[in-house]
Amino acid sequence: MSPAVAPSAKSVVLDLLSTLPRGSMPVGTLVAAGALFGLAENAIRVTITRLLSSGLVERDERGQYRLGARTGAVSTQVASWRRLADRTRVWDGGWIAVHTAGLARADRAAGRQRSRALHFLGLRELSVGLAVRPDNLAGGIDATRARLYALGLDATAPVFVVRDLDDAITRRAHALWPATSLVAEWRTTRQALERSERQLPQLPLERAMVESFLVGGRAIRQLVLDPLLPERIVPAHERDLLVATLRRYDRLGRTVWATFLRGFGVPHLHAPADVRIDAPGGLAADGGLA
């Protein structure tokens with residue numbers, strides 16, 4: 001893993017709010033957390049105002065903040081890293097396909113939403129205007145179609161199953177995902193988590209908070225965007241090891257952040273995750289998950 005990049009104010013706000021299973025967070029918590037990353041109070045407050053306007057954040061009756069309804073499908077997708085095994089089924093060789101050639105190209109916002117939806121569910125372009133992935137996601141075509149639309153795919157985009165591809169096209173489809181690179185990335189991320197896991201107990205609290213936020217967040221982002229390919233395309237052993245390591249690291253991260261958040265009266269049950277909510281391939285325009 002390359003060195004972690006300091007998060008933006010938007011990332012800090014959305015990431016911290018995404019860790020709340022329920023309830024809300026006072027602005028003082030978000031300001032204090034931003035200071036850990038060198039972010040000024042004004043930057044955090046201005047960001048919160050903009051997120052309120054966009055519907056990505058909501059304010060409750062006490063003036064505290066939580067994620068807005070607009071983040072629902074993405075938040076569900078992000079939380080799914082903990083149960084990746086439940087998101088797949090045995091592959092029978094069919095392919096889920098999405099035809100986008102007839103969709104309007106002038107609307108950039110719709111295009112970003114479309115790209116995010118396809119990327120989240122691991123679809124890749126087989127030919128111009130035709131994206132595919134193995135039909136091995138739990139729930140089959142109906143559940144996958146519904147998730148794509150919820151994540152922002154145009155409701156008029158045809159989503160269907162393709163079978164009996166010829167040998168040449170099947171080889172091209174298999175090659176859309178770099179199997180060797182995926183396995184190497186899982187292994188590298190797991191090793192980075194293990195190094196950080198050994199170091200965190202020795203670090204001053206604030207440094208440990210920052211490191212767990214960045215290192216754990218990058219690992220979560222990687223799993224959230226994992227295409228979840230069947231064994232015939234990419235063996236999943238290294239990914240399974242990564243998930244197990246991240247579960248352990250997540251518990252450590254929650255412990256590291258608990259004292260800080262408890263000081264603001266915020267119950268903290270999940271480690272901060274690098275989840276961002278409004279750009280293709282990520283949750284924020286600065287490279288996250290939306």
Side-chain angles (χ1 to χ4, degrees), residues 1-48 51 57 64-67 71 75 78-79 81-82 189-224 242-277 282-284 286-290:
M1 296 173 73
S2 57
V5 177
S8 67
K10 179 164 64 173
S11 299
V12 169
V13 172
L14 293 175
D15 293 356
L16 281 175
L17 294 182
S18 74
T19 69
L20 295 176
R22 58 188 174 277
S24 54
M25 189 174 289
V27 67
T29 312
L30 298 167
V31 168
L36 296 173
F37 299 94
L39 297 168
E41 177 177 350
N42 186 60
I44 296 292
R45 291 183 179 277
V46 168
T47 295
I48 292 172
L51 292 172
V57 163
Q64 298 189 9
Y65 299 91
R66 58 179 174 240
L67 289 182
T71 69
S75 297
V78 168
W81 73 265
R82 297 171 183 276
T189 301
R190 174 172 56 83
Q191 292 168 347
L193 287 170
E194 290 170 343
R195 284 195 300 272
S196 181
E197 184 179 26
R198 292 191 297 269
Q199 294 169 0
L200 283 183
Q202 316 304 323
L203 295 177
L205 179 59
E206 290 188 356
R207 282 185 57 195
M209 290 168 62
V210 169
E211 178 160 329
S212 66
F213 186 99
L214 297 175
V215 176
R218 288 194 63 193
I220 290 173
R221 180 181 186 276
Q222 184 175 342
L223 287 176
V224 169
L242 171 57
V243 172
T245 302
L246 183 53
R247 284 179 181 275
R248 193 172 65 240
Y249 190 88
D250 177 64
R251 290 193 294 270
L252 180 59
R254 280 184 277 133
T255 300
V256 166
W257 277 78
T259 300
F260 170 84
L261 291 168
R262 202 159 41 236
F264 291 92
V266 178
H268 191 57
L269 301 179
H270 299 278
D274 194 17
V275 232
R276 299 154 191 179
I277 305 173
L283 293 190
D286 51 357
L289 294 175

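Worth knowing before you read on, the calculation uses all heavy atoms, side chains too, and leaves out hydrogens, waters and symmetry mates. Positions are given from 1 along the sequence.
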Spatial distance of atom [atom1] ([X]) from atom [atom2] ([Y]) [nearest 0.5 Å]:
X: L252; Y: L200; atom1: CG; atom2: CG; result: 5.0 Å
X: T29; Y: I44; atom1: OG1; atom2: CD1; result: 11.5 Å
X: L30; Y: L14; atom1: CG; atom2: CG; result: 9.5 Å
X: E211; Y: Q199; atom1: CD; atom2: CD; result: 5.5 Å
X: L203; Y: S196; atom1: CG; atom2: OG; result: 7.5 Å
X: S212; Y: D250; atom1: OG; atom2: CG; result: 9.5 Å

Check your understanding: Does atom CZ of R207 have more than 12 heavy-atom neighbours from other groups under 6.0 Å away?
Key ->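 No, not enclosed.
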Review point. Quick check: are there more than 12 heavy atoms from other residues, nucleotides or ligands sitting under 6.0 Å from CD of E206?
Key: no
Point to revise | E41 with R45: basic N within carboxylate O range, under 4.0 Å | key: yes
Review point. Any ion pair linking R190 and E194 (charged N to carboxylate O, less than 4.0 Å)?
Key: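 A salt bridge is present here (some side-chain N lies under 4.0 Å from a carboxylate O).
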Can you see which heavy atom on [X] is nearest to which on [Y], and at what distance?
X: A208; Y: V256; value: C-CG1, 3.7 Å
X: F264; Y: A32; value: CZ-CB, 3.6 Å
X: V12; Y: F213; value: CA-CZ, 4.3 Å
X: L67; Y: S18; value: CD1-CA, 3.6 Å
X: A192; Y: V215; value: O-CG1, 4.3 Å
X: P7; Y: S11; value: CB-CB, 3.8 Å

Practice item. Please step through side-chain contact (heavy atoms from CB on, under 4.5 Å) for the pair L242 and L193, ending with a clear verdict. Key: CA-CA 9 Å; L242 171 57; L193 287 170; 3.6 Å; yes
Practice item. List the steps, then state whether side-chain contact (heavy atoms from CB on, under 4.5 Å) holds for L214 with F37. Key: CA-CA 10 Å; L214 297 175; F37 299 94; 4.3 Å; yes
Point to revise | Note, V13 side chain near K10 side chain (heavy atom, < 4.5 Å) | key: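 No, too far: nothing below the 4.5 Å cut-off.
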Practice item. Using atom types as modelled and distance alone, determine if a side-chain donor or acceptor of W257 lies under 3.5 Å from a backbone N or O of M209. Key: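 Yes, W257 side chain to M209 backbone: donor-acceptor pair under 3.5 Å.
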Check your understanding: Taking T19 for the side chain and D15 for the main chain, is one N or O donor matched with an acceptor at less than 3.5 Å?
Key ->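 Not confirmed, T19 side chain does not pair with D15 backbone.
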